[in-house]
Amino acid sequence: MQIEKFNPSAVDKKWQKFWDQNKVFKASDSKNLKKYYCLEMFPYPSGKIHMGHVRNYTLGDVIAHYKRLNGYNVLHPMGWDSFGMPAENAAIQNKLHPKDWTLKNIEVMKAQLKLLGFSIDWDRELSTCDSDYYTHQQKFFLDLYEKGLVYKKESLVNWDPVDNTVLANEQVIDGKGWRSGAPVVQKKLSQWFFKITSFAEDLDQSLNGLTEWPEKVKLMQKNWIGKSEGCEIIFKIKNTKDTKNINIFTTRPDTIFGASFLALAVDHPLSENYLNDQKYQKFKEACYQSANTEETLAKTDKIGFKTDYVAEHPFIKGKTIPIFFSNFVLMGYGTGAIFGCPAHDQRDLEFANKYGLEVIPVILPPNENEKTFKIQNEAYIGEGKIYNSDFLNNLSVHEGKKTIIKKIEQNKIGTSKVTFRLRDWGISRQRYWGCPIPILYDDTGNAIPVDKKDLPVKLPEDISFEKPGNPLDHHPSWKFVKCKKTGTTLIRETDTLDTFVDSSWYFLRFCSSKLKESGYADSDVKYWMPVDQYIGGVEHAILHLLYSRFFTRAITTGTKNEMKEPFKGLFTQGMVCHKTFKNSEGKWIFPEEVFEKDGKFFEEKTNQEVTVGPSESMSKSKKNVVDPQTVINLYGADAVRWFVLSDSPPERDIQWSDEGISGSYKFIQKIWLISEMIQVIPANLKMNDGDKSSIEKLIHKLIKDITYNIDHFHFNVAVAKFYEFTNHLSKILHENKGEQEYLKNIFKDFLILIYPFVPHIASESWEKLKIKEKINQQKWPVFKQELLKEEIINLVIQINGKKRAVLEVEPNQSEEVLFKKCTELDSVNKFLDGKKIHNKIYVKNKLINLVIK
RNA sequence: GCCCUCGUGGUGGAAUUGGUAGACACAAAGGACUUAAAAUCCUUGCCCGUAAGGGAGUGCCGGUUCGAGUCCGGCCGAGGGCACCA
């Protein structure tokens, strides 16, 4: 019997064409069907797809197929996050227009996604750099402006003085611009902000309702929002003519009797009194310098500048405490002022020890004595009993907080207060390739929103990157607009929006992707939202997801269709990793330039041995990448899909290996071999009832296992279960024990189960079964519980919890019978050895444990 | 420094509620088929033993339990997040 090998290149093409032409994966417009919205994070069109994309979209594709087979109307769209800096950098380097570069990349990457056979509804494709998309974004911006959720303020930014541009934090490397290498300076710029902080409480609280999100991501968001409850306390300044007060924030008002100084941020309003003080200005400089990089911050010494002022202690009559400016207090958090309680805060203690300030313990740890307890170099931050504290004495920390806040409010010297670490979202970027901010300025600099009728504010295409800086700034005409009312010349905002804004609502746009009048239709969004399953990299755990949660709230708040959480289920996948190689010159080289011999690696060009680095996430800079296109050409789409689903659990990193992909290819061939072997079983071959029922049991067990493992995202286990089943099936076929019609029926279910994973070969094999309906029109099989019942079970016999024998018995026998049987076993008896059975545990149909002494 | 997660064979990993640890796969060794190779199939896998069988065993130490990879406490190691947040 000669069986031809499976030819992926021909078969892949055939089915991709079929799916495309028949719009097999188009979401239905009918809103009566039960829906399922499956979304993977859309890609940035950087050039070509990488393995991370392959993994991400394969995971989503399995879910999308699975839900379709289960009768859902599935929305599985794709788009392009196509604004951003790489396009501009490419433009500068290659003299290509960012638009041309981007569109070309999209074309290439779309073709590559099609080569993998993803079941995407391409009719809903969108691209954020398309004015059909960003016109709605500009309208949302104006809506938020009207709602008071957008404002402009001065803020410090990282400024590259050579490239004349703002840099994001991650583009500042060792204090220098990542491209120019010039030292980055802090510059005050007037920037636009979204008031994300006004949703801080809700963004924090609602995390609890996201039961289908990873705990890790929720925790990261919680920490980022950083809610802390405490109170503000007003301290009176004693020796000043205009009796200014200092408002401080604390989460530990219970330690107020331990206060020994106040510390203020260097840019606190009180510093205005020191504008002409040379010593103070020097001190301020020193603070800014030490604050250069973030990691050194924590290790930097705490330094202070003692003012001439002292504050009155609010509860101890006649007591005054000194006031300092210090580098460890930040203006951006709380009120920019604190009271220092050295005994119970490590930073305060370090500061107090340095400047010789009082250390007054007020919390007594359990098992400590008031007289002997001392604070040395470590502050005590734990629970305990309050002492040295007048009316708070003998209370716990918790009770103390409640009591003192009540007192503070009674005395009108403060109020309880919740503070968040979260800051408002700065959205201005001094960049060309982004969504223009729809704002105009009159000659006095007043901001005037663009009339919604005049949207979109389109990006001009005739721009030049010859001069450094933002091309919109030095465009000859674009930024000048005549005011309709007054006829005067207005000037456009030349900053563009942070690209995170683009990705904060694309999931809404997919619901009504072609709608002209607005960003989305309420009816569409009511039907499709929320996204049932969102899948992407954990690197977006904070910003993208938080911004999307905010934006969804912000644009719908006050409308008829208010929305909160856009993503019901979230799955964060691991990365694709590969070893790194460096040649003898110390340069990174691609894996394909390396060959292996006797466990050592050599460069092909030079035959010299290469240095092998640890396996890391694939990245262009380290060249440890494998191009999906090359692998698809060699092994076909199904083998690649199968590989990225195999072995490693989806949430963990996966190691790319040549053995792995060729193993996957072999498995694809094995499915084909089974499919072909079933076709040529002689008609006279019959199976006996026992063989029939055993394979029937196996397929029902497979249905159960695959269903369970897809539902729980255990795709690697599902893969293992498929291997197990095919091993059995191919054994039957190799031993010539199969009956054609019977096995065809079994195989039919198998193909439906495996179709979401490897749709090309499943479709091709299905066609050979000559069934009228296509595989994509099938229903997900249902397993029969009664078939999963074992006729013979393996009863484990333990002695003192150790396995000593396995008894094959019929299920549901009485304990006495089974117990008698097991004491008749030699393997059990030799351990009993006349000893007394102290106790016996029986777990039905599972085990007997004999406890002997 | 604070917070979180994870430690299972040579490797990736499995074990759904505490109940046969190592499914499945990769790699390795041996064998079958073949003139040979590729492909395919079979066997092996820590320690003692030819075998039957026994022992140890899920990072380390201890606890709970008839029974612990799984639960609890302490330590060690790896990874991730935040970073003077009052």
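In what follows, chains carry the letters A, B, and so on, assigned in the order in which the sequence lines appear, proteins first and then strands, with residues in each chain numbered from 1.
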### Message
Side-chain N or O of A:R652 versus OP1/OP2 of B:rG12: is the shortest distance under 4.0 Å?
### Response
no
### Task
Check if the side chain of A:Q798 and the base of B:rG19 share a donor-acceptor pair of N or O atoms closer than 3.5 Å.
yes
### Task
Searching all strands shown, indicate the nucleotide that pairs with B:rG22 (Watson-Crick or G-U wobble; both distances under 3.5 Å).
none
### Integer-rounded Å distance: B:rG80 P and A:E539 CD
13 Å
### Task
Kindly indicate whether the side chain of A:K302 and the base of B:rC84 share any N or O donor-acceptor pair separated by less than 3.5 Å?
yes
#### Entry: N/O (side chain, A:R804) to phosphate O (OP1/OP2, B:rG53) under 4.0 Å
no
### Query
Is any side-chain N or O of A:S646 closer than 4.0 Å to OP1 or OP2 of B:rG12?
no
### Task
Measure up the A:F339 and A:F235 rings against each other and bin them: parallel (under 30°), tilted (30 to 60°), perpendicular (over 60°).
tilted
#### Entry: Phosphate OP1/OP2 of B:rA56 contacted by A:K802 side-chain N/O (<4.0 Å)
yes
### Message
Using a heavy-atom cut-off of 4.0 Å across all strands, would you classify A:K846 as base, sugar-phosphate, or nothing?
### Response
sugar-phosphate
### Task
Ignoring backbone atoms, establish whether A:Y333 has a side-chain N or O less than 4.0 Å from OP1 or OP2 of B:rA86.
yes
### Message
Any side-chain N or O of A:N727 below 4.0 angstrom from OP1/OP2 of B:rA25?
### Response
yes
### Separation of B:rA14 C1' from A:E651 CD (nearest whole Å)
13 Å
### Base paired to B:rG77 (Watson-Crick or G-U; both N/O distances under 3.5 angstrom)
B:rC6
### Task
Could you please name the partner base of B:rA28, counting Watson-Crick and G-U wobble pairs only when both distances are under 3.5 Å?
B:rU44
### Message
Please tell me if A:N716 has a side-chain N or O lying less than 4.0 Å from either OP1 or OP2 of B:rA14.
### Response
yes
### Residue that, paired with A:F324, satisfies ring-ring contact (aromatic ring centres under 6.0 Å, His included) out of A:F351, A:F283, A:F305
A:F351
